[in-house]
Amino acid sequence: MNNNTINALCQALQLQYPLIQAPMAGVSTPEMAAAVTNAGALGSIGVGASTPEQAAVMIAQTQALTHGPINVNLFCHAPAEGNVAREQAWIDRFAPLFARYDAAIPEALTEIYQTFLNNDAMLSVIEQSAPAAVSFHFGLPSAATIQRLKARGIVLLATATSVAEALTIARSGIDFIVAQGIEAGGHRGHFDPEAFDHQMSTFTLVQAIRQHTAHPLIAAGGIMDSTGIAAMLQLGATGVQLGTAFVLCPESAANAAYRAAMKQASATGTELTAAISGRQARCLRNDFCDFSRDFAASDVPDYPLTYSLGKALAAAAAAKQHHGYGAQWAGQGAALAREMPAGELVSWLMNACQGE
């Protein structure tokens, strides 16, 4: 390992290892984040799907479990633009599935998550709790918000899926770019879901960004073992972010069906779909993917309106013991996931990496 590349992240957050456990809203827990931090890496929680009140509780719970740094992730998506005709057509399209599971279909799609953009209540929670790090997904908050968080001594990170997004992040004053390759599980972090997605691999994206800026970056997507970590550091990444690798950890909030599907990943594989939530996201290939694979992108309502129906369908099917419609987010390396405590996984990954 090149210690010079490690120092920027480790020194900024007083870490032993240049490794971040991805926030994974709905999967990461205070227990997981604390275990990762206590093992010498950076544990993360995602509060993008939480109310400010829920976020305050989750952050406090995490901080109570560790004296080390934690990262809190926020969603910076544009507010949904309603389209009554498109949303009704979407509801109608799923009516047969709800009928199959004897469930009432939602009468309307709802904006179940609030963006962090212009969200003074959530900003107040972050300022008061002052986690060591805050990361942004789907875009960036205002310059004024960035400055307010930096004034609190918070280290800032933001996801980029392209060189252009990375350069925007570098110019914004944010400390670290999280370079998210196409292999990554969960939602693509691209700023504009309508824009062309270059779909670069992590391997290519890290090098492409490096050609244009020396701003420190974190490699994310498809990294599952010490070999992947070492490769990304060799390419010039300051650190790595792993999410799918932690899904099977006992501290994960993944339910039994999700875990079972992860263990079948070598057979099923993963797929990018916008039909579950309204934005492109990589999940384990399941019945939801099969049902919606040929849907036109223009038919999909905005995020997170689409997600309100997706969650309702998953719940309806699960009530009948069918789990093929869950949002089982996972990266292309899902079959390489190991079932061990989060802290042990960090130690195993980094000890193996340092031995190379």
Side-chain angles (χ1 to χ4, degrees), residues 5 9 17-28 36 41-42 44 46 48 71 73 75 135-139 157-166 169 176-191 193 195-211 215-248 262 265-266 269-274 277 279-285 327-338 345-346 349 353:
T5 61
L9 181 64
Y17 304 123
L19 185 152
I20 301 172
Q21 163 249 314
M24 299 183 292
V27 173
S28 180
V36 170
L42 181 64
S44 306
N71 170 47
N73 181 257
F75 296 162
S135 59
F136 307 113
H137 208 60
F138 300 144
L157 308 89
T159 300
T161 63
S162 67
V163 171
E165 290 174 352
I169 293 169
F176 294 92
I177 300 163
V178 178
Q180 185 193 38
I182 194 66
E183 307 98 321
H187 285 93
R188 295 284 287 156
H190 46 217
F191 292 10
F196 176 75
D197 185 355
H198 294 266
Q199 296 193 347
M200 281 190 279
S201 68
T202 309
F203 180 87
T204 303
L205 182 60
V206 167
Q207 294 178 89
I209 294 173
R210 270 284 153 269
Q211 283 190 323
H215 204 76
L217 65 85
I218 313 300
I223 307 167
M224 299 293 291
D225 55 24
S226 60
T227 302
I229 293 171
M232 291 302 127
L233 297 176
Q234 185 65 35
L235 288 176
T238 300
V240 294
Q241 178 171 288
L242 284 69
T244 304
F246 288 92
V247 173
L248 290 180
M262 280 284 293
S266 60
T270 65
E271 187 169 338
L272 275 172
T273 178
S277 73
R279 290 187 70 120
Q280 287 288 334
R282 184 173 296 281
C283 69
L284 297 168
R285 188 169 59 82
Q328 297 164 337
W329 306 132
Q332 288 183 341
L336 303 176
R338 295 166 180 83
L345 179 58
V346 170
L349 287 166
C353 189

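Judged by distance alone, the side chains of Glu183 and Thr202 do bring a donor and an acceptor atom under 3.5 Å apart. Residues Thr159 and His137 bring a donor and an acceptor atom of their side chains to less than 3.5 Å of each other. Using modelled atom types, one finds no donor on one side chain facing an acceptor on the other under 3.5 Å when comparing Thr273 with Gln280.
For the pair Ser162 and His190, the minimum side-chain heavy-atom distance is 4.5 Å or more. Using a 4.5 Å heavy-atom threshold, the side chains of Val346 and Phe246 count as touching. Using a 4.5 Å heavy-atom cutoff, the side chains of Arg282 and Ile182 are in contact. Inter-residue side-chain proximity for Val36 and Leu42 is flagged as unmet; no heavy-atom pair is nearer than 4.5 Å. Residues Ile20 and Ser44 meet the side-chain proximity criterion, which asks for heavy atoms closer than 4.5 Å. Side-chain contact between Pro18 and Thr238 is absent, with no heavy atoms from C-beta onward closer than 4.5 Å. Thr244 has its side chain within reach of Met224: a pair of non-hydrogen atoms, C-beta onward, lies under 4.5 Å apart. Proximity of Phe176 to Ile169: side-chain heavy atoms (C-beta onward) are nowhere separated by under 4.5 Å.
Applying the side chain to side chain donor-acceptor pair (under 3.5 Å) criterion to Arg188, with sequence neighbours excluded, gives Asp197. For Gln332, there are no side chain to side chain donor-acceptor pair (under 3.5 Å) partners, not counting sequence neighbours.
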Tell me, with the steps shown, if Val178 and Leu217 meet side chain to side chain contact (heavy atoms under 4.5 Å, CB included). CA-CA 6 Å; Val178 178; Leu217 65 85; over 6 Å; no

Test side chain to side chain contact (heavy atoms under 4.5 Å, CB included) applied to Leu242 and Gln21, step by step: CA-CA 5 Å; Leu242 284 69; Gln21 163 249 314; over 6 Å; no

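In this pair, Phe138 and His187 present their aromatic rings perpendicular. The plane angle is above 60°, beyond the 30 to 60° band.
Side chain of Asn73 to backbone of Pro23: no donor-acceptor contact under 3.5 angstrom is found.
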